[in-house]
Amino acid sequence: MKIICIGRNYTNHIEELNNEKPEEPVVFIKPDSSVLPKEQDFYIPEFSNDVQHEVEVLVKIKKVGKHIAEKFAHKYYDEVSLGIDFTARDLQQQLKEKGLPWEKAKGFDGAAVIGKWLPKTNFKNLNNLNFSLLSNDKVVQEGNTSLMLWKIDELIAYVSKYFMLKKGDVIFTGTPAGVCKVNTNDYLSGKLEDEQMFSVKIK
């Protein structure tokens, strides 16, 4: 299993971090060891003073594929979910300034929250999904997949040019604006079309 993440896929998030709008998807990978085990609290790592939440819609690949045409991409996944790409923003900024990879800031242990999986047939249109992240019962991030620069099927086609996709691989499709620092004792929960998909306590 590999976790393939897409950065800068929502214009409002690009703007809030003062990043350049990319000409093609920004791709990075988290190791499987970054997945936060179910029912486990998230512990802020000692190497960061600014871990931020990034809520994202997820898709799970169901079969092997390489060089997948966009028109066939829908055949490669049956389930969607919601998750968090935890990011050590201070460390990421240091790495970016030096032109170095982001893995230490994005792929540390527990940095990937994966919610429950739902059949994609539960939803009328995957390109019009509302989702949100609540911190201590207050909405802090809201998004809709219609605002993605690259839609799910486009991302699968693009990523499969570079990486063979395998059964169980997960794609994080990008985060909207509203990313913010998490603090000890915060309680985060994510909703996809009003259904709660995950909850996590910050330690």
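Stacking of K191 on the aromatic ring of F131 is not recorded, the 6.0 Å distance cut-off and the 45° axial limit not both being met. A cation-pi arrangement is found for K120 relative to Y77, the charged atom lying closer than 6.0 Å to the ring centre and inside a 45° cone about the ring normal.
For the atom pair K138 NZ and L133 CG, the distance stands at 12.5 Å (nearest 0.5 Å). Between the CD1 atom in I68 and the NE2 atom in H74 there is a gap of 11.5 Å [rounded to 0.5 Å]. Remark: C180 SG to D186 CG distance equals 8.5 Å, nearest 0.5 Å. Note that CG of N122 is 7.5 Å distant from CD of E195, once rounded to the nearest 0.5 Å.
A salt bridge does not link K71 with D153: every distance from a Lys NZ or Arg NE/NH1/NH2 to an Asp or Glu carboxylate oxygen is 4.0 Å or more. Electrostatic pairing of R89 and E54 counts as a salt bridge here, judged by a charged N lying under 4.0 Å from a carboxylate O. Between D85 and K106 a salt bridge is recorded (basic side-chain N to carboxylate O distance below 4.0 Å).
When each of I171, L126, N144, T173 is paired with V57, the side-chain contact (heavy atoms from CB on, under 4.5 Å) condition holds for T173 and for no other. Tested against D78 for a side-chain hydrogen bond (donor to acceptor under 3.5 Å, both in side chains), the candidates K62, K63, K60 yield a single pass: K62.
The closest donor-acceptor contact from the side chain of E97 to the backbone of Q94 lies at 3.5 Å or more, if one exists at all. Distance alone, capped at 3.5 Å, is enough to place a donor-acceptor pair between the N9 side chain and the W150 backbone. With hydrogens and angles disregarded, a donor-acceptor distance shorter than 3.5 Å links the side chain of S34 to the backbone of P31.
Residues Y162 and Y158 bring their aromatic ring centres within 6.0 Å. Between F108 and F86, the distance from one ring center to the other does not fall under 6.0 angstrom.
A donor-acceptor contact closer than 3.5 angstrom is absent between the side chains of D90 and Q92. Side chains of Q141 and T175: a donor-acceptor N/O pair is present below 3.5 angstrom, by distance only. No hydrogens or angles considered: nothing links the side chains of N127 and T145 as a donor-acceptor pair under 3.5 Å.
Scanning both residues, E154 and L149, for their nearest heavy atoms gives OE1-O, 4.4 Å. Between G107 and A111, the shortest heavy-atom contact is C-CB, 4.5 Å.
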